[in-house]
Each structure stands twice: as structure tokens, then as C-alpha cells.
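The basis for the numbers below is simple: all heavy atoms, side chains too, and nothing from hydrogens, waters or symmetry mates.
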Amino acid sequence: MRVKPLFIIISTLSLYLAVVLLSPTGPVVPSNSSDSPNSAKSEIWSVKRIVEWRPCNWWLQSHSTPLPSKSNGYIRVDCYGGLNQMRRDFCDGVGIARLLNATLVLPKFEVAAYWNESSGFADVFDVDYFINKMNGFVKVVKELPPEISSKEPYRVDCSKRKGRFDYTESVLPSLLKYHYISITPAMSQRRDRYPKYAKAALCQACYSALRLTKSLEKKANKLLEAIPKPFLSLHLRFEPDMVAYSKCQYSGLSSTSMKAIQAARGDDRIPWTGEAAKIWRNRGKCPLTPNETAFILQALSIPTSTNIYLAAGDGLMEMEGLTSIYTNVVTKSVVLSSEDFETMHGNTKAALDYHVSINSDSYVATYFGNMDKMVAAMRAFKGLYKTLILSRRAFAKLTSEGLEGKPLMEALWKAHKDDFIMGRGSALSDCFCEFKF
């Protein structure tokens with residue numbers, strides 16, 4: 001009589017062990033875990049941040065420092081490169097003009113065949129709006145007085161100067177001597193030496209005073225309205241010249257892409273090889289491919305059904321690596337009429353991407369370049385915090401350690417979650433102050 005219960009117990013244990021041992025093995029991921037890259041609740045934007053960046057009070061309250069009654073002369077800022085590089089340089093120039101107590105002349109946007117560009121400042125930005133918004137920060141004029149307008153400005157090129165370069169020491173003497181100078185701002189500046197009123201002028205110019213012309217804004221809003229909502233704006237950089245400039249090697253690319261990269265390299269941009277190439281890649285110097293970008297977006301649990309606006313220039317390579325996974329991708333060339341699109345130059349196209357990106361539901365960039373810095377900061381200014389810069393360094397380091405598949409996804413999730421929580425890369429510290437919850 002006592003054997004039967006024992007038999008039942010042994011039989012039950014045997015059945016349990018059989019079920020466990022014969023079950024498929026694999027990592028157990030709790031369905032409700034906020035850290036799970038496969039959980040419906042784990043989209044990166046659902047993570048609670050503990051740090052945000054907001055406009056500093058000293059900028060917003062800067063009118064307490066009145067402009068001097070007499071100007072030291074006139075400054076024109078000469079800007080080169082793409083739109084966002086020129087915008088960055090111009091903003092710096094506004095701060096310099098206020099620092100040196102100069103009157104600001106409308107900037108010169110250099111015509112650049114490389115950027116397929118011929119539009120000037122007034123073709124992109126609303127001049128009257130800019131002058132009005134800068135009132136009290138720095139004096140701005142559309143035209144020079146007759147005694148100066150016939151002269152070319154004395155050129156002061158600061159673009160290559162780095163380190164302890166100081167505008168008051170190096171540029172002010174030329175301004176006082178010639179009364180009308182043109183400058184190209186230094187790549188590396190000592191803004192820590194700027195008084196708050198000069199910093200405030202720079203911030204006001206960058207984030208409050210630069211508005212698109214009415215005609216361009218109309219096109220930008222038309223584009224914005226046509227994009228399916230909600231949507232993510234993705235700034236993807238994988239053009240031949242970008243890859244060539246990076247000096248990185250890639251395997252598995254199409255022959256068409258390889259030929260385009262080789263042509264862009266020429267004789268000067270020889271790619272790194274061997275151990276040097278590994279070190280370079282692990283430092284985060286290599287652009288993410290569209291396929292790598294799609295993999296990281298999946299790791300961040302951004303649904304493959306997400307509407308994506310591709311904020312990018314012409315010539316992107318290997319796009320099927322993204323569009324085969326994220327199928328709802330739209331571009332401005334598809335949404336806009338062919339007439340509107342074909343009449344645009346590089347600056348006006350870039351302006352549309354910028355406008356859409358600062359108004360998108362979320363923004364992701366694969367490279368922290370001039371546009372990304374401007375967009376991220378402007379989104380912080382507008383209180384839009386679904387902004388993330390994908391980490392090329394984390395991707396390279398983790399893949400070099402042999403991670404792949406789900407373990408790689410989980411590691412990428414953690415790396416980007418930590419960045420998002422701390423608000424890293426979300427704004428420019430010159431104009432924004434850290435706000436902790």
C-alpha cells in the first residue's frame with residue numbers, strides 16, 4: 001500500500017525531467033523586461049531619461065546687457081562647405097561680432113561646385129526675420145554705408161587656427177584698423193573666454209533667428225505633411241565620398257559600390273589595413289552601412305513597420321540593406337514633385353531635411369556631423385527628446401569581440417540605452433544646460 005504513492009512521485013519526477021531535458025534550449029528573455037530588445041515595451045524611446053538639456057537662463061535673459069552705443073566696425077562672415085557647416089560658422093561669426101562690438105553684415109555663402117550649390121544666405125533664410133530676432137543681441141545691417149560699400153573687406157582667415165586662439169587679441173586690431181573685415185571662424189575656439197552676452201548672441205542666432213524663407217518653408221511644410229505619421233527621421237551617411245574620406249575597408253559590398261568608393265578615394269585616401277584598420281574601426285571612425293543601421297534599429301526595438309523619412313543627400317549606397325527590413329522608407333525626391341525637386345540646389349535640399357528632422361516624432365543619426373549637432377540641439381530647444389546618435393564605436397567594439405545575433409542586439413541595446421538615459425550627444429553645451437530629474 002505504501003509503494004503506490006512512491007511510484008507516483010517517481011513517475012511524476014521522471015516526466016518533469018523528460019520535459020525539461022527535451023525542451024529547446026536558448027536564452028530566456030522575460031516578455032515584459034524593459035531591457036529586452038525583443039519586447040514590445042522595450043522600444044528605446046520608452047526608457048525614462050534622468051538628464052535633459054534645456055536652453056540656459058543666461059541666454060534667454062541676455063537683454064540685461066545692452067549693446068554699446070558705438071560700433072568698432074563691420075564684420076562679414078565668409079562661410080564654406082555644406083549648409084549646416086556654413087550655418088555653424090555663421091553662428092560662430094555672430095558671437096564673434098558681439099564679442100568684438102562689431103556690426104554684422106549679412107554673410108557670404110561661397111558658391112561650391114562640389115556641393116552642387118549656388119544659393120546664398122537670402123535664398124535659404126528669412127533676412128528680415130533674422131535681423132528682427134537679433135535686435136538687442138547684435139546689430140545687423142543689410143547694406144553697408146556708401147563710404148565702405150565700394151571696398152572689399154580686409155580678409156582675416158581664422159579657419160586653421162587652433163588651441164589658445166583668441167579673437168580679441170588676434171582679430172580686434174584688424175577691425176579697428178580697417179573698419180570692415182571678413183572672417184572665416186576658427187575650427188577650434190575658446191568660447192570659455194566669451195562673456196555671456198557674446199555666447200547669448202551666438203545661441204540666439206543658431207536657435208531662434210534662422211528661419212527658412214517663406215517659399216522654402218512652404219515647400220518644407222508640404223513635404224512634412226506628406227510623410228505618413230508618426231515617423232522617424234533617419235540621417236544616414238554612406239555615400240562614396242564619405243566612405244572614401246573615412247579610410248575604412250568594407251567587405252560584402254556590391255561591385256558598383258566598390259567602384260564608386262575607389263573612384264572617390266583617388267590617390268590620396270588610401271584605406272587603413274591590418275591592425276591599424278582594426279584600431280581605427282574600434283575608435284568609431286567607420287560609417288555604418290545601411291544594413292548595420294537596420295540591425296541596430298532592430299536592436300533598439302524600433303518596429304520594422306516604422307515610417308522612416310530618409311534625411312540624406314544623393315548617392316547613398318547599399319540601400320537595400322535598410323529597405324529590405326524597414327519597408328516604409330520615404331525620400332524627398334519621391335514625395336515632392338519632380339519640378340520642385342529638380343530646381344533645388346544642395347543648400348535648399350539640406351534645408352528641407354533639417355526642417356523635417358527638427359519636427360519629426362523621433363530622430364536617429366548614424367553620424368554626429370554638423371547637421372546632427374544642429375538638429376539635436378534644435379530638438380532639445382523645442383522640447384523633443386526622442387533623439388539618438390547611433391554609436392559606431394559600440395558597434396565596432398562589440399562585433400570585434402565576436403558578438404553576433406541576439407547577444408549583439410542585447411549589448412547594443414544596453415550601450416544605446418545608457419547614452420539615451422544620460423542625454424549624451426543630444427545638444428550643444430555652448431547654449432544648453434544640463435537638467436537632472
Side-chain angles (χ1 to χ4, degrees), residues 34-35 41-65 84 87-88 91-92 94-95 98-99 133-134 136-137 189-211 230-235 284 300-302 311 354-391 393-394 412-437:
S34 62
D35 289 335
K41 292 186 178 180
S42 64
E43 189 175 358
I44 191 68
W45 314 125
S46 67
V47 176
K48 186 177 181 181
R49 300 179 70 161
I50 62 174
V51 172
E52 286 182 0
W53 294 86
R54 298 180 180 177
C56 299
N57 286 333
W58 52 256
W59 158 24
L60 302 178
Q61 300 169 2
S62 65
H63 281 80
S64 57
T65 305
N84 292 290
R87 180 186 180 123
R88 179 203 67 190
C91 293
D92 285 337
V94 173
R98 181 66 181 92
L99 176 70
K133 293 294 285 186
M134 293 310 299
F137 288 90
Q189 299 185 45
R190 293 298 306 272
R191 295 193 189 98
D192 57 310
R193 295 183 178 185
Y194 282 21
K196 290 288 174 61
Y197 59 79
K199 285 186 180 180
L202 181 155
C203 299
Q204 180 73 1
C206 255
Y207 307 114
S208 288
L210 289 176
R211 185 177 73 179
F231 75 98
L232 178 153
S233 180
L234 175 64
H235 188 211
L300 302 180
S301 288
I302 294 174
Y354 174 83
H355 183 83
V356 169
S357 295
I358 65 172
N359 289 291
S360 61
D361 298 283
S362 52
Y363 178 77
V364 172
T366 63
Y367 191 84
F368 199 37
N370 290 315
M371 174 173 167
D372 309 302
K373 293 171 184 176
M374 291 291 179
V375 168
M378 194 65 192
R379 288 178 62 82
F381 179 69
K382 291 162 66 73
L384 302 173
Y385 292 103
K386 290 184 179 180
T387 304
L388 190 65
I389 312 300
L390 300 187
S391 176
R393 184 193 294 260
L412 286 168
W413 164 265
K414 184 180 185 306
H416 288 87
K417 182 190 74 171
D418 293 344
D419 281 352
F420 186 69
I421 286 173
M422 298 304 298
R424 295 191 188 107
S426 62
L428 300 180
S429 58
D430 290 320
C431 305
F432 294 80
C433 293
E434 192 177 85
F435 178 85
K436 293 185 178 180
F437 293 102

*Tell me, with the steps shown, if V364 and L234 meet side chain to side chain contact (heavy atoms under 4.5 Å, CB included).*
CA-CA 5 Å; V364 172; L234 175 64; 3.9 Å; yes
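- Applying the side-chain contact (heavy atoms from CB on, under 4.5 Å) rule to R393 yields the partners S391; only residues at least two apart in sequence or on another chain are considered.
- With sequence neighbours left out, the ring pair (Phe, Tyr, Trp, His ring centres under 6.0 Å) criterion links F420 to W45.
- Residues satisfying the salt bridge (Lys or Arg N to Asp or Glu O under 4.0 Å) criterion with K386, sequence neighbours excluded, are absent altogether.
- Qualifying side chain to side chain donor-acceptor pair (under 3.5 Å) partners for N84, counting only residues two or more places apart in sequence or in other chains: none.
- Applying the salt bridge (Lys or Arg N to Asp or Glu O under 4.0 Å) rule to K48 yields no partners; only residues at least two apart in sequence or on another chain are considered.
- Residues passing the ring pair (Phe, Tyr, Trp, His ring centres under 6.0 Å) test with Y367, sequence neighbours excluded: none.
- For the two cysteine residues C431 and C56, the thiol sulfurs sit 2.5 Å or further apart.
- Here R98 pairs with nothing under the side chain to side chain donor-acceptor pair (under 3.5 Å) rule; sequence neighbours left out.
- Applying the side-chain contact (heavy atoms from CB on, under 4.5 Å) rule to A209 yields the partners F130, K133, M134; only residues at least two apart in sequence or on another chain are considered.
- In this structure, the salt bridge (Lys or Arg N to Asp or Glu O under 4.0 Å) partners of D418, at least two apart in sequence or on a different chain, are K414.
- R379 contributes a side-chain N or O that, together with a main-chain N or O of S360, makes up a donor-acceptor pair within less than 3.5 Å.
- Looking at residues two or more places apart in sequence or on another chain, you find a side chain to side chain donor-acceptor pair (under 3.5 Å) between H235 and D372.
- Every side chain to side chain donor-acceptor pair (under 3.5 Å) that S357 has, sequence neighbours left out, goes to S233.
- Judged by distance alone, the side chain of R49 and the main-chain N or O of Y385 form a donor-acceptor pair under 3.5 Å.
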